[in-house]
Amino acid sequence: MRYAEPIARLITELTRLPGVGPKSAQRMAFYLLLRPAEDARRLAEAIIGAREAIRPCGRCGNLTDQDPCRLCTDPERDDTVLCVVEQPRDVAAMERTAQFRGRYHVLHGAISPMDGVGPDDLRIRELLERLQEGRVREVILATNPNVEGEATALYLARLIKPLGVTVTRIARGLPEGGDLDYADELTLARALEGRRPV
Amino acid sequence: MALYRCEGVVLRTHDLAEADRLVIMYTPDRGKHRAVAKGARRPRSRLAAGIQPFTRAVYLCWQGRNLDGISQVEVVESFAPLRAHLERLAAASYACELMDAVTQENDPQPRLYALLVFTLRALAEAEPEVHAESPAALLGGLERLLLSFQWKLLALTGFRPTFDRCIACGEPVADSAGEVAVSLAEGGVVCDRHARGAGMVRVLPAEVTGAVTGLLRAPLKAALGLRLSPGAAAALSALTRDYLAYHLERYPQSRAFLDVLREQAGS
């Protein structure tokens with residue numbers, strides 16, 4: 001059945017969202033159409049409001065509504081430790097731990113040779129400029145523990161070490177509450193490598 | 001749900017849906033093979049480690065309607081050094097991207113699989129020359145291994161060049177002042193008489209065609225001992241790049257990152 005043009009357009013737009021197929025898009029569209037008009041207006045305004053107000057922080061690259069962002073201007077945070085992550089959502093993940101009180105730097109991607117993403121496509125120049133200001137004593141490389149994240153961490157470590165800054169990599173090993181018997185060999189090997197005295 | 005086992009090497013992965021990964025592997029029994037690893041991006045996934053690029057493993061897969069899935073992984077060789085050193089990682093990415101480009105699904109070629117495994121093993125184990133533990137020395141060795149891999153790959157996929165006689169008339173070709181004419185289009189050397197009509201002709205030091213013949217005859221690791229004059233080495237790199245690009249009609253994007261590393265090592 002062919003939908004009226006406005007419905008078809010809404011479904012097409014919703015299908016563009018990640019993880020949303022035609023069936024889900026159709027369900028969402030009808031949900032929105034059958035709710036009070038005010039609900040749809042609020043959602044549309046939230047999308048437009050966020051899209052217009054949010055931009056990358058000029059300093060750390062995190063998404064923010066004020067530049068520099070709150071994480072960069074918070075006087076309670078430690079200027080000497082800088083955590084480098086791939087994406088803005090990784091900042092949110094680190095913040096959820098409530099363990100890290102330093103500053104962040106978002107690369108907006110990771111080196112991926114096969115996809116043609118090289119160092120020049122990331123915010124590496126901005127990172128080096130921040131380090132040259134001389135306040136940072138330690139850089140924590142918190143890129144993903146996969147091939148692209150590893151390539152990025154290795155590349156950054158090589159660039160940063162000659163600047164006299166300590167470079168560390170987040171630990172890898174067993175997940176909290178996990179079962180040793182169910183761990184794969186590589187993760188177990190990494191966990192053994194990174195063992196600590198108790 | 002029908003299950004089957006297959007051995008393979010992961011060429012690359014793509015993120016799929018919320019927490020899945022699409023794994024593209026090369027297998028000796030099925031050729032290039034695609035399968036989804038459900039939930040592999042979650043930290044507790046048992047599949048995550050075994051589906052990292054360059055890993056050689058035995059996979060227990062289930063047959064899906066459109067796409068098969070991976071249910072268990074047993075790692076045979078993880079090739080961990082390929083992910084722990086930048087130069088090795090760049091070289092392995094190049095090799096895997098090339099394999100992905102030249103192979104097809106449901107077209108098993110066990111000799112290609114063996115070449116890939118030998119290459120990844122050699123790239124993981126290659127040692128920098130004695131007293132020269134620099135990225136430049138390591139990169140030089142890896143580049144020589146990649147040269148051998150590329151020519152062997154071309155030979156196995158039907159593009160073996162002919163360098164011992166003219167590709168057009170079959171007559172022996174005498175090099176003039178140490179140089180020979182190679183036609184990329186014809187796939188070999190051409191004599192003076194046929195050089196004019198042949199496509200994409202490059203005039204190269206005879207040392208270069210000799211080196212390619214040597215690489216094709218010798219085991220992969222012998223490439224580490226390849227010694228050429230600087231001019232011939234550059235000409236061999238250019239010939240390999242052009243020959244590959246002409247016959248495969250594409251060129252791996254990973255080359256750019258290898259070039260970045262080479263520039264940095266040289267500076």
Side-chain angles (χ1 to χ4, degrees), chain A residues 17-21 24 86-87 89-90 93 109-122 124 141 143-159 161-162 169-191 193, chain B residues 10-21 24 40-55 57 72-76 78 80 82-98 100-101 135 252-261 263-265:
Chain A
L17 297 176
V20 178
S24 309
E86 289 179 20
Q87 299 292 348
R89 58 179 182 268
D90 299 332
I111 293 173
S112 177
M114 288 195 227
D115 296 315
V117 181
D120 291 344
D121 301 308
L122 310 178
I124 292 178
L141 299 174
T143 50
N144 285 331
N146 54 28
V147 170
E148 292 80 14
E150 211 56 48
T152 312
L154 291 167
Y155 184 81
L156 289 178
R158 191 176 284 178
L159 284 186
K161 276 183 189 166
R169 179 90 171 102
I170 48 166
R172 269 170 294 176
L174 297 167
E176 196 69 23
D179 197 319
L180 212 64
D181 187 33
Y182 279 98
D184 65 88
E185 309 85 313
L186 290 176
T187 306
L188 256 180
R190 288 282 192 177
E193 273 172 31
Chain B
V10 178
L11 301 178
R12 65 193 306 175
T13 61
H14 296 289
D15 289 353
L16 199 70
E18 191 68 15
D20 307 342
R21 271 195 218 286
I24 299 169
R41 279 149 67 201
R42 295 189 209 280
R44 281 166 193 243
S45 168
R46 288 206 69 193
L47 301 177
I51 59 154
Q52 294 193 84
F54 324 138
T55 303
Q72 285 178 37
V73 183
E74 197 181 323
V75 175
V76 178
S78 73
L82 297 180
R83 288 179 293 271
H85 299 96
L86 208 48
E87 283 74 18
R88 291 182 212 270
L89 190 146
S93 297
Y94 182 86
C96 284
E97 189 184 347
L98 204 50
D100 186 21
Q253 300 203 75
S254 310
R255 181 70 250 174
F257 188 53
L258 276 166
D259 290 341
V260 168
L261 294 181
E263 251 175 54
Q264 286 185 348

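Chain naming here is simple, since letters A, B, ... match the order of the sequence lines and numbering starts at 1 in each.
- Of the atoms belonging to A/Asp115, heavy atoms from both backbone and side chain fall under 4.5 Å from chain B.
- Counting all heavy atoms, side chain and backbone alike, B/Leu89 lies closest to A/Pro113 at CD2-CG, 4.4 Å.
- Only the backbone of B/Leu11 comes within contact range of chain A, with at least one heavy atom under 4.5 Å from a heavy atom of that chain.
- No part of B/Glu18 comes within reach of chain A, as not one of its non-hydrogen atoms sits under 4.5 angstrom from that chain.
- Closest heavy-atom contact between B/Phe54 and A/Val147: CE1-CG1, 4.2 Å.
- With sequence neighbours left out, B/Asp259 forms a salt bridge (Lys or Arg N to Asp or Glu O under 4.0 Å) with B/Arg255, B/Arg262.
- Interface remark: A/Leu174 contributes no atoms to any contact with chain B (heavy atom separation under 4.5 Å).
- Contacts of A/Leu159 with chain B are made by side-chain atoms alone, with heavy-atom separations under 4.5 Å and no backbone atom involved.
- Two residues are said to be in side-chain contact when any heavy atoms from C-beta on lie closer than 4.5 Å; B/Arg21 and A/Asn146 meet this criterion.
- For the pair B/Gln253 and A/Met114, the tightest heavy-atom approach, listed with the atom from each and the gap, is NE2-O, 3.5 Å.
- Contacts of B/Pro53 with chain A are made by both backbone and side-chain atoms, with heavy-atom separations under 4.5 Å.
- For A/Pro145, the part lying near chain B is the backbone, with the side chain staying farther off; criterion is any non-hydrogen pair under 4.5 Å.
- Among residues two or more places apart in sequence or in another chain, the salt bridge (Lys or Arg N to Asp or Glu O under 4.0 Å) test is passed with A/Arg158 by B/Glu87.
- In terms of heavy-atom proximity, B/Ala84 sits nearest to A/Leu154 at O-CD2, 3.5 Å.
- Top candidate by heavy-atom pairs under 4.5 Å with chain A, chosen from B/Ala49, B/Ala80, B/Gly50, is B/Ala49.
- To the nearest 0.5 Å, atoms CG (B/Leu86) and OG1 (A/Thr152) are separated by 9.0 Å.
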Item to complete: Begin with the C-alpha distance, continue with both residues' side-chain angles, and end with the deciding distance and a verdict on side chain to side chain contact (heavy atoms under 4.5 Å, CB included) for A/Val117 and B/Phe257.
Response: CA-CA 8 Å; A/Val117 181; B/Phe257 188 53; over 6 Å; no
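- Interface remark: B/Arg41 contributes no atoms to any contact with chain A (heavy atom separation under 4.5 Å).
- Counting all heavy atoms, side chain and backbone alike, A/Pro119 lies closest to B/Val260 at CG-CG1, 4.2 Å.
- Note that OG1 of B/Thr13 and CD of A/Glu148 are 6.0 Å apart. Values are rounded to the nearest 0.5 Å.
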